[in-house]
Enquirer: 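Would you mind keeping the following structure in view while I ask a few things?
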Amino acid sequence: MRWRSVVLGLLLLRLALQALLPALVPGLCLRLPFSFPFPPPPAALGPPGAAAGPGSSHWGSRCGGGAVGGDEYERRYRGAFPPQLRARLRDAARGMFVFVYGSYMRLAFPRDELDLHCCGRGPDCHDPSNLNINDVLGNDLLTLIGALDTLAVMGNSSEFQKAVKLVIDTSFDKDSTVQVFEARIRVLGSLLSAHIIITDTKQPFGDMTIKDYDNELLHMAHDLAVRLLPAFENTKTGIPYPRVNLKAGVPPDSNNETCTVGAGSLLVEFGILSRLLGDFTFEWVARRAVKALWSLRSNNTRLLGNVVNIQTGHWVGKQSGLGAGSDSFCEYLLKSYILFGEKEDLEMFNDAYRNIQNHLRRGYVISQEYRFLNQWCKRLCSALCSRKSVFSFYFIFFPLKAKPYFHGSHPGNTF
């Protein structure tokens, strides 16, 4: 009986410490002041269809700001990541990519991906309800399109040019139902990245130009985005449907529920496309969805839930956190501000970050995973303010000796 009393006493002590420490030691609650050294924002965006102003498609200069000399994590951990180690890890990463990419091209192309049985795999046409597969695989050369910018970063110009020509020969005019979130981040984003790499006058990865290239990848990105637009129609809130058929639009039996990131993290790709085309329709619908979600924040905590009904605006999933379904909403607000300079994006990010910090379950004593997420937030923000991104992203994870994501372990806060 005595040992039970000891265990109970220790448990009560830990609970008491968890409750009292944030109040007694405010430093445990991360209060990161934001001071972003980015240029002033451009003029406000016009309505859908408005023409872009001079230089409005050039967002690259907005990423150049940063504290001279790097951030505190770079200075503190530079010795732990010396040039020799970086070179060795770089070569190892290149070797792994070459193996995986070569295996896909040899065994799976032109299917979407290579499965564990060394066979090509596309959407599950026999079971449309298999969303785990069908939300991602759209019979659209997914792996090859997603590998385009990596081929360029690796410096493999010949394979990059060959892959681009293979991608250009495909079409999105097919009876395939895809998730808007996945098609946007995996396909649309990859097409835009590859297009920008080809047309970049500085060619930072070597000569990735393609003879007689006529903006085909940009045209493909435009075509795909137009096919995703029906998801934004006929919703009472402006929040898009989660899925769309690339040929027929929103399926008749479409689900009216979507997660926060599925609807609220479209700004970067849609914004870049709008500025490249000079057509702000895509950025406008993405911003409308963000503002609609923002207006649904809890009156008590000012947090967002993670699943919402797009017609009623009611939260179906009322848990808020930094895990799946919620994470990249805040991330995209910050990235959007860095790219486009819209002050409203930064204001929303700051407000969201502040509320997350206020209501985050501070597991400094009880949960190592919650402590990890708390520290990850701080390092992410610090890294995004640094010029030296290779160092910065390494410093997000190295000090924590942890993987960058714990699935399902996000700190929650119900409304």
Enquirer: Any donor-acceptor pair under 3.5 Å linking the side chain of R287 with the backbone of W284?
Expert: no
Enquirer: What do the steps show when you test I197 against L148 for side chain to side chain contact (heavy atoms under 4.5 Å, CB included), and what is the final call?
Expert: CA-CA 10 Å; I197 288 170; L148 290 177; over 6 Å; no
Enquirer: When you compare the side chain of L114 with that of T143, does any pair of heavy atoms fall below 4.5 Å?
Expert: no
Enquirer: So, for C330 and I356, which heavy atoms are closest and what is the spacing to 0.1 Å?
Expert: SG-CD1, 3.8 Å
Enquirer: Just verifying a value: how many Å separate K291 NZ and L293 CG, rounded to the nearest 0.5 Å?
Expert: 13.0 Å
Enquirer: Looking only at atom types and distance, does a side-chain atom of Q179 sit under 3.5 Å from a main-chain N or O of G262, one as donor and one as acceptor?
Expert: no
Enquirer: Looking only at side-chain N and O atoms, does N156 offer a donor or acceptor that is under 3.5 Å from a partner on S158?
Expert: yes
Enquirer: Taking the side chain as C-beta and beyond, is there a heavy-atom pair between P110 and L141 under 4.5 Å?
Expert: yes
Enquirer: My understanding is that only one of T199, L191, L276 makes a side-chain contact (heavy atoms from CB on, under 4.5 Å) with L218; could you say which?
Expert: L276
Enquirer: For the atom pair NZ (K236) and CG (N309), what is the distance rounded to the nearest 0.5 Å?
Expert: 9.5 Å
Enquirer: Taking N358 for its side chain and R354 for its backbone only, find out whether a donor-acceptor pair lies under 3.5 Å.
Expert: yes
Enquirer: For the CD1 atom of I310 and the OG1 atom of T237, what is their distance to the nearest 0.5 Å?
Expert: 6.0 Å
Enquirer: Would L192 and L273 count as a side chain to side chain contact (heavy atoms under 4.5 Å, CB included) here? Give the steps.
Expert: CA-CA 7 Å; L192 292 172; L273 178 64; 4.0 Å; yes
Enquirer: Do F160 and I198 have side chains that approach each other closer than 4.5 Å (heavy atoms only, starting at C-beta)?
Expert: yes
Enquirer: Picking from L229, L267, L188, what satisfies side-chain contact (heavy atoms from CB on, under 4.5 Å) with F282?
Expert: L229
Enquirer: I'd like to know if the side chain of Q161 and the backbone of E159 have a donor-acceptor N/O pair within less than 3.5 Å.
Expert: no
Enquirer: Is N245 close to V250 at the side-chain level, that is, under 4.5 Å between some pair of heavy atoms?
Expert: no
Enquirer: H195 vs N215, test: side chain to side chain contact (heavy atoms under 4.5 Å, CB included). Steps then yes/no.
Expert: CA-CA 7 Å; H195 168 75; N215 298 326; 3.1 Å; yes
Enquirer: Does either side chain, that of Y337 or that of E347, offer a donor lying less than 3.5 Å from an acceptor on the other one?
Expert: no
Enquirer: Is a donor on one side and an acceptor on the other found under 3.5 Å between the side chain of D115 and the backbone of C119?
Expert: yes
Enquirer: Could you check if a side-chain atom of T260 sits within less than 4.5 angstrom of a side-chain atom of V308, using non-hydrogen atoms only?
Expert: no
Enquirer: When you measure from the side chain of N306 to the backbone of C259, do you find a donor-acceptor pair of N or O atoms at a distance under 3.5 Å?
Expert: no
Enquirer: Which of these, R111, R186, E182, sits in a side-chain contact (heavy atoms from CB on, under 4.5 Å) with L142?
Expert: R186
Enquirer: Taking the side chain from T258 and the backbone from V307, do they hold a donor-acceptor pair closer than 3.5 Å?
Expert: no
Enquirer: Do K174 and D140 sit within salt-bridge range, that is, some charged N less than 4.0 Å from a carboxylate O?
Expert: no
Enquirer: Is the closest side-chain donor-acceptor distance between S336 and D345 under 3.5 Å?
Expert: yes
Enquirer: Between L224 and L246, is any pair of side-chain heavy atoms under 4.5 Å apart?
Expert: yes
Enquirer: State, to 0.1 Å, how close L228 and A183 come at their nearest heavy-atom pair, and which atoms those are.
Expert: CD2-CB, 4.2 Å
Enquirer: We want to know whether S171 and D173 form a side-chain donor-acceptor pair, criterion being a heavy-atom distance below 3.5 angstrom.
Expert: no
Enquirer: Are a donor atom and an acceptor atom from the side chains of S298 and N300 found within less than 3.5 Å of each other?
Expert: no
Enquirer: Give the C-alpha distance, both sets of side-chain angles, the deciding distance and a yes or no for side chain to side chain contact (heavy atoms under 4.5 Å, CB included) between E269 and Y332.
Expert: CA-CA 10 Å; E269 291 83 2; Y332 266 63; 2.9 Å; yes
Enquirer: Assess the side chains of S157 and D207: does a donor N or O sit below 3.5 Å from an acceptor N or O?
Expert: no
Enquirer: Looking at F172 and M220, what are the two nearest heavy atoms and their distance?
Expert: CE1-O, 3.6 Å
Enquirer: Over 60° means perpendicular and under 30° means parallel, so tell me whether F349 and Y353 are parallel, tilted or perpendicular.
Expert: parallel
Enquirer: How far apart are the closest heavy atoms of P242 and N255, and which atoms are they?
Expert: CD-O, 3.3 Å
Enquirer: In the structure I gave you, are the side-chain heavy atoms of L151 and Y101 within less than 4.5 Å of one another anywhere?
Expert: yes
Enquirer: Does S295 reach the main-chain N or O of A292 with its side chain, forming a donor-acceptor pair under 3.5 Å?
Expert: yes
Enquirer: Please report the shortest heavy-atom distance between S265 and F181, naming the atom on each side.
Expert: OG-CE1, 3.4 Å
Enquirer: Nearest 0.5 angstrom please: D149 CG to M154 CE, how far?
Expert: 10.0 Å
Enquirer: Side-chain contact test, heavy atoms from C-beta onward, threshold under 4.5 Å: evaluate it for L266 versus I185 and give yes or no.
Expert: no
Enquirer: Supply the atom-to-atom distance T150 OG1 to R94 CZ, rounded to the nearest 0.5 angstrom.
Expert: 12.0 Å
Enquirer: Are K165 and D169 ion-paired here, with the side-chain N under 4.0 Å from a carboxylate O?
Expert: no
Enquirer: Can you see which heavy atom on P230 is nearest to which on V244, and at what distance?
Expert: CB-CG2, 4.3 Å
Enquirer: Give, for atom OG1 of T301 and atom CZ of R297, the distance between the pair rounded to the nearest 0.5 Å.
Expert: 9.5 Å
Enquirer: Does F232 offer a backbone N or O that forms a donor-acceptor pair with the side chain of R288 under 3.5 Å?
Expert: yes
Enquirer: Between the side chain of T235 and the main-chain N/O of Q311, is any donor-acceptor distance below 3.5 Å?
Expert: no
Enquirer: We want to know whether E257 and Y241 form a side-chain donor-acceptor pair, criterion being a heavy-atom distance below 3.5 angstrom.
Expert: no
